[in-house]
2 protein chains.
Amino acid sequence: MDHVEKIIGHAEQQCKAHGVRLTVKRKQVLAGLIQSDKALSAYEIVDFCTRHYGQTMPAMSVYRILEFLEHEHLVHKLSLANKYVACAHISCGHAHAVPQFLICRQCSKVKEISIQPATIAELRQSVNEAGFKLVTTQLEMNCLCEGCIAQAA
Amino acid sequence: MDHVEKIIGHAEQQCKAHGVRLTVKRKQVLAGLIQSDKALSAYEIVDFCTRHYGQTMPAMSVYRILEFLEHEHLVHKLSLANKYVACAHISCGHAHAVPQFLICRQCSKVKEISIQPATIAELRQSVNEAGFKLVTTQLEMNCLCEGCIAQAA
DNA sequence: ACGACAAATGATATGTTGTAACATGCTACA
DNA sequence: TGTAGCATGTTACAACATATCATTTGTCGT
Ligand SMILES: [Zn+2]
Ligand SMILES: [Zn+2]
Ligand SMILES: [Zn+2]
Ligand SMILES: [Zn+2]
């Protein structure tokens, strides 16, 4: 049982606990994202599934499935990059806090982190002073990953 | 001379100083964004211009013009919302720092702020600890504006 | 003023991303 | 086994964005 399957197993447990089904197609999409180990656009997922599972995966299905997976917190949508990434904490057990995402501009690798609550509080404070209210503390930041930094040097 | 024209005047000065031209079409797009006082999608700008200036504005032109205006720091592209907003500091004179944007989910109003350097430093520190490097400190945050908060209450 | 060059815009086509609407198939449960 | 609800298939189209080449307009040296 490899790494990906183990995560899928956890995801399946989670879904069962919520009274929803992780169907074959949904597993395919999630597994694709996990295997890729980076953020993919919806159509990249279409291509991935079509190539790996021997039948064309309609874009419509991918969007529907992504919506489902996001709702189950198994996948995160990254608006900054218009891509989708598997949650990094599917196997952790603990319910995960609102995440922040570091997105490599170069290669779409994503790190899902939790910034210091104090820092978040300062951010929220700045927002409040401007008369706005934060709707979510999910942040997305344009970054370069370790690999791409090394490559650039 | 109204508020919008005054800002346009400043923009024109700025362009002249950079040896580039703020043409009629470019002024129309910029004025549209300023008047709207919120972020607009490229096609909303197309509609605005077509309605207000009596001839159809091709989408292609809008994209080209937005690219120009962004390059001149007169307009900012908001990836989080897939929209464009006029810079809030065109008339300020001082060269503006890397901004952070508070975007109202409800009505697309945008506040362009400058978060405490100390907070930014903490963010950068978190990113470095994760092995990534920030490419830009421009942040975009999902918010509700004053008006929409009041309305919701 | 004239011609040459570069910048800006027009026009058309096409690529990419995302949703609407309705048909069909599958699963769980009475 | 019927049936109700969920999931997927199919088709069409809307919204967002870029590529390419033609035409117009502004700039500058002569
Ligand atoms: Zn997560
Ligand atoms: Zn990278
Ligand atoms: Zn600005
Ligand atoms: Zn608002």
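Proteins come first, then strands; the chains are lettered A, B, ... in the order of their sequence lines, and each starts at number 1.
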Notebook entry, point to check: How close or far is atom P of C/dA7 from atom NE2 of B/H71, stated in whole angstroms?
Noted result: 13 Å
Note to self: Quiz question: going by heavy-atom distance under 3.5 Å, is there a donor-acceptor pair between the base of C/dG18 and the side chain of A/R64?
What the structure shows: no
Note to self: How many whole angstroms separate atom CD1 of B/I65 from atom C1' of D/dA17?
What the structure shows: 15 Å
Notebook entry, point to check: Residues from residues 30-57 of chain B sitting under 4.0 Å of DNA chain C, heavy atoms only?
Noted result: none
Margin query: Could you tell me how far apart A/K25 (NZ) and C/dC26 (C1') are, to the nearest whole angstrom?
Written below: 13 Å
Next item on the list: Return the value, rounded to whole Å, for the distance between atom CG of B/N82 and atom P of C/dT19.
Entry: 11 Å
Note to self: Taking the nucleotide of DNA chain D with the nearest heavy atom to each, does A/R21 or B/M60 sit closer to the 5' end?
What the structure shows: A/R21
Checklist line | Residues A/K27, A/E12: salt bridge by 4.0 Å N-O rule | finding: yes
Notebook entry, point to check: If you measure from CG on A/L144 to CD1 on A/I149, what distance do you get to the nearest 0.5 Å?
Noted result: 6.0 Å
Check: Separation of A/Y84 atom OH from C/dT16 atom C1', in whole Å?
Finding: 13 Å
Check: To the nearest 0.5 Å, how far apart are CD in A/E70 and OH in A/Y84?
Finding: 7.5 Å
Next item on the list: Have a look at B/K77 and tell me which of B/L66, B/N82, B/L69 forms a side chain to side chain contact (heavy atoms under 4.5 Å, CB included) with it.
Entry: B/N82
Notebook entry, point to check: Can you find a pair of side-chain heavy atoms, one from B/R105 and one from A/T136, that are under 4.5 Å apart?
Noted result: yes
Check: When you measure from the side chain of B/Y63, which nucleotide among C/dT9, D/dT18, C/dT17 comes out closest?
Finding: D/dT18
Item checked: Comparing B/K77 and A/R26 on DNA chain D - which has the more 5′ nearest nucleotide -> A/R26
Margin query: Whole angstroms only, please: what is the CG-C1' distance between A/L66 and D/dA7?
Written below: 15 Å
Next item on the list: Please report the shortest heavy-atom distance between B/G32 and B/Y53, naming the atom on each side.
Entry: N-OH, 4.2 Å
Next item on the list: Mind calculating the distance between CD (A/E67) and C1' (C/dG18) to the nearest angstrom?
Entry: 11 Å
Item checked: Given C/dT9, D/dT8, D/dT10, the nucleotide with the shortest approach to the side chain of B/S61 -> C/dT9
Notebook entry, point to check: Are the charged groups of B/K83 and B/E44 less than 4.0 angstrom apart, N to O?
Noted result: yes
Next item on the list: Rounded to the nearest angstrom, tell me the gap between atom CG in A/L78 and atom C1' in C/dT17.
Entry: 15 Å
